[in-house]
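We name chains A, B, ... by the order of the sequence lines, and we start the count at 1 in each one.
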Amino acid sequence: MLKRTHTCGALRKSEVGKEATLTGWVASRRDHGGLVFIDLRDRYGITQVVFNPEYGKELHEKAGELRAEFVVAVKGEVRERPPGTVNPRLPTGEIEVYAKELNILNRSEIPPFEVEDRANVSLEHRLRYRYLDLRRPTMQHHLIFRHKLCQLIRQYLDSQGFVEVETPFLTRSTPEGARDYLVPSRMSHGAFYALPQSPQLFKQLLMVSGMDRYFQIVRCFRDEDLRATRQPEFTQLDMEMSFVEEEDVMAIIEGFMAEVFEKLLGKKISLPFPKLSYQRAMELYGSDAPDLRFGLTIKEITDLARESEFRIFREAIERGGFVRGLNAQGCSTFSRKEIDELTGFVGQHGAKGLAWFKVEDGGLSSPITKFFGQGLQAAIKERMEARPGDLLLFVADREKIVHQSLSQLRLNLGRRLNLINNEEYCFTWITDFPLLEFDETLGRYVSIHHPFTSPKLEDIPHLEERPHEVRARAYDIVLNGVELGGGSIRIHDQALQQRIFRLLGMDDETAKKRFGFLLEAFKYGAPPHGGIALGLDRVVAMLLGLDDIREVIAFPKTQKASCLLTEAPAEVDEQQLKELGLKLL
RNA sequence: GGGGCCGUAGCUCAAUUGGUUAGAGUACCAGACUGUCGAUCUGGGGGUUGCGGGUUCAAGUCCCGUCGGCCUCGCCA
């Protein structure tokens, strides 16, 4: 077999006159009857190979057999291309290889779709033939970029004293949080491992071990419904540090992000990242992951709406709801149809309606203006900072619905009105999350972050009396409206951890059964510690300007969590079930 | 679990109100062609309209079910 001397991206004018052997796939063939041109592709690039009939009849006939995706080795002379035939779109476009010898290493059936970046193929077919999809230069770039990011992570965290430690995939189920993927035990019938939703408890135990600074690029598993940004198995950059407070964890991430942007994107970002409290974020943006590349903040008019004659507003307020809205500047030209579309849009997010006013020179114009007196209209205009030509949009409902619908409406308008600069990267830390949230269906409090998150020290005294007011030492990092990750300072005190379990409605016996190993470990000198985990797939996607993490995962799953390539999940043999002591219902 | 969109040639799509032989681009095959690079020109092959049932004189089109893909709400500590 011919061994390659260069890759398909390597040859330049400086190699003209030399002999070279290239290997790769036939990307395209242009057969002129006499001259035959082949674009040869490998991971490194594309080089044009020329077959001239004057170099031998046999060679030329063999070249005529070539088809798309054949695997070949070609030996020949590197020549400068004749004047006027240089291809400026290829880095190798000034040269070509004049073939003297051709080995067809493997043939290919006609591929189900063309292996080209511009090919427009459904995700279904791309996943079914992922190995062909991944042959496309764009997809190779995504995977290589991801690899480079991982290299950078290891290099940076190593320089900061972090140690990479692997933690088990076969572990025990912890019912708090997402649904677990279960693995039956052959040794102990009726018992199951769970695949980790994150290595949370192990990394805390590593802190008790004195590892001091830990990280891991690790697969996590959650058996929940999928989205473009959610896969059942995904990768986290997981970190934990001892003897730290919030600022220490944030500083590491900020330093890391600055390095990533500089080395991978050639961009400077300003440090430190701004901080926004959860409460403020919800007030202004209705979301704990706001896109700060544009303003269009939410304004409160509940107090004014209470004074109106508008029944829908008044009833919503009487039921304990709120009236809040957005000022879509310059949008009074929106047609009735456009406003109906917006109404339908907020309807998808739970709002029962969308009240609107067009701002005119005199007052407000709308079918419901008659329910608002002159003074009230003026007050609303002032509150909304409205000027003639603006469109005011309001939702009246329970707070959760108001938040959801207005935050989505804000994003919708931001895109529609071109308020978003795609070149901009707006990082922010969201801080001071509530520790707990009352779950109506469970009839008890649940952790917002996870049960190992420390409450703020000053809130600990009223943990039991006013649990909903207790704030957590938790923080999320948000970039352009996408939550990249989150973390917290953990509880390292056994007694406090036990109090939290009790608040979550877990009796001591259950807590001991589920988390006894952690409580026990805390008895033997657990240092104060905290950490963070970033969704690596999301980070890679964001950095590449993509909104679908399937573009940066080699073999992702479909929305039904199946793999179109391997057809997993699949049935297993009766014998396998028997060994596991399982029977299908 | 709820709502929505889609499934037609290898691929990406079209097909009027339900109406004659289901088309286009590309890919593929054959021929021609010595400077192309999304080659060009000429010709050709290619369809159980996802699957099953129903309505109708007549179904790619309408209805029911089912399978698959996507989006979305819930869910995702």
Side-chain angles (χ1 to χ4, degrees), chain A residues 27-40 46-55 60 64 67-69 79 81-90 92-93 96 98 109-129 132 174-180 197-198 200-201 220-232 234 344-351 400-401 404-405 408 433 435-437 439 441-442 445-453 472 474 483 486-488 500 504 533 535 547-548 550 557-560 562 564 567:
Chain A
S28 80
R29 143 187 92 103
R30 294 176 293 280
D31 186 345
H32 286 233
L35 287 179
V36 176
F37 298 94
I38 297 293
D39 284 345
L40 200 60
I46 284 181
T47 301
Q48 174 166 283
V49 179
V50 187
F51 293 90
N52 190 317
E54 290 162 15
Y55 279 63
H60 190 255
R67 292 294 182 275
E69 306 311 319
R79 288 199 187 170
R81 292 201 191 185
T85 65
V86 165
N87 185 343
R89 290 191 302 278
L90 290 180
T92 60
E96 60 197 4
Y98 244 74
E109 292 197 3
I110 298 160
F113 52 81
E114 290 149 85
V115 181
E116 282 182 343
D117 280 336
R118 61 174 170 276
N120 171 22
V121 188
S122 69
L123 190 60
E124 192 172 353
H125 285 102
R126 292 175 56 201
L127 295 181
R128 165 77 180 81
Y129 301 96
L132 293 180
T174 54
E176 292 280 324
R179 198 176 292 114
D180 282 321
Q197 297 174 26
S198 84
Q200 181 62 35
L201 296 173
C220 301
F221 306 86
R222 294 179 188 176
D223 187 4
E224 297 292 348
D225 286 358
L226 279 59
R227 294 282 191 285
T229 52
R230 267 163 33 193
Q231 283 277 307
F234 62 100
F345 178 78
V346 293
Q348 287 169 15
H349 297 279
K400 194 178 173 190
I401 299 287
Q404 274 175 11
S405 55
Q408 292 298 325
F433 282 85
L435 185 71
L436 304 164
E437 170 183 51
D439 186 308
T441 52
L442 291 176
Y445 282 97
V446 295
S447 295
I448 285 190
H449 193 52
H450 56 54
F452 318 105
T453 301
E483 182 201 321
S488 63
I500 298 293
L504 298 173
D547 49 19
D548 188 338
R550 287 172 292 207
K557 301 209 167 24
T558 70
Q559 199 165 49
K560 282 201 176 135
S562 65
L564 295 177
E567 297 187 309

Using a 4.0 Å heavy-atom cut-off, write out nucleotides 39-50 of chain B from 5' to 3' as B (base contacted by protein), S (sugar-phosphate only) or - (no contact).
B-----------

Can you build the contact string for nucleotides 10-15 of chain B? Use B for base contact, S for sugar-phosphate-only contact, and - for no protein heavy atom under 4.0 Å.
SSS---

Nearest whole angstrom, please: distance from the [atom2] of [N] to the [atom1] of [X].
| X | N | atom1 | atom2 | result |
| --- | --- | --- | --- | --- |
| A/E224 | B/G2 | CD | P | 16 Å |
| A/H60 | B/U34 | NE2 | C1' | 8 Å |
| A/F37 | B/C33 | CZ | P | 16 Å |
| A/L127 | B/G68 | CG | P | 15 Å |
| A/R126 | B/C70 | CZ | C1' | 13 Å |
| A/Q404 | B/G74 | CD | C1' | 9 Å |
| A/Q559 | B/C73 | CD | P | 11 Å |
| A/K400 | B/C73 | NZ | P | 12 Å |

Within the 4.0 Å heavy-atom criterion, would you say [X] contacts the bases, only the backbone, or no part of the nucleic acid?
| X | answer |
| --- | --- |
| A/E54 | base |
| A/S562 | sugar-phosphate |
| A/L90 | nothing |
| A/Q48 | base |
| A/Y55 | nothing |
| A/T85 | base |
| A/E96 | base |
| A/A228 | sugar-phosphate |

So, does the side chain of [X] form a donor-acceptor pair with the base of [N] at under 3.5 Å?
| X | N | answer |
| --- | --- | --- |
| A/R222 | B/C76 | no |
| A/D225 | B/C75 | no |
| A/R179 | B/G74 | no |
| A/R227 | B/C70 | no |

Between [N] and [M], how far is it from one [atom1] atom to the other, in whole Å?
| N | M | atom1 | result |
| --- | --- | --- | --- |
| B/U40 | B/G35 | P | 15 Å |
| B/C11 | B/U20 | P | 26 Å |
| B/C62 | B/G25 | C1' | 30 Å |
| B/G19 | B/A59 | P | 11 Å |

Respond yes when some side-chain nitrogen or oxygen of A/R550 is under 4.0 Å from OP1 or OP2 of B/C71, and no when none is.
yes

So, OP1 or OP2 of B/A27: does either fall under 4.0 Å of a side-chain N or O from A/R67?
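Negative; the distance criterion is not met.
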
Below 4.0 angstrom, N of the basic side chain to O of the carboxylate: do A/R230 and A/D225 qualify?
no

Would you call A/E224 and A/R222 a salt bridge, using N to O less than 4.0 angstrom?
no

Set of residues satisfying ring-ring contact (aromatic ring centres under 6.0 Å, His included) with respect to A/Y129, sequence neighbours excluded
none

Heavy atoms from other residues, nucleotides or ligands near CG of A/D548 exceed 12 (cutoff 6.0 Å)
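Atom CG in A/D548 is crowded, with more than 12 foreign heavy atoms closer than 6.0 Å.
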
For the side chain of A/R230, counting heavy atoms from C-beta on, which of B/G35, B/U72, B/C76 is nearest?
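So the side chain of A/R230 is nearest to B/C76.
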
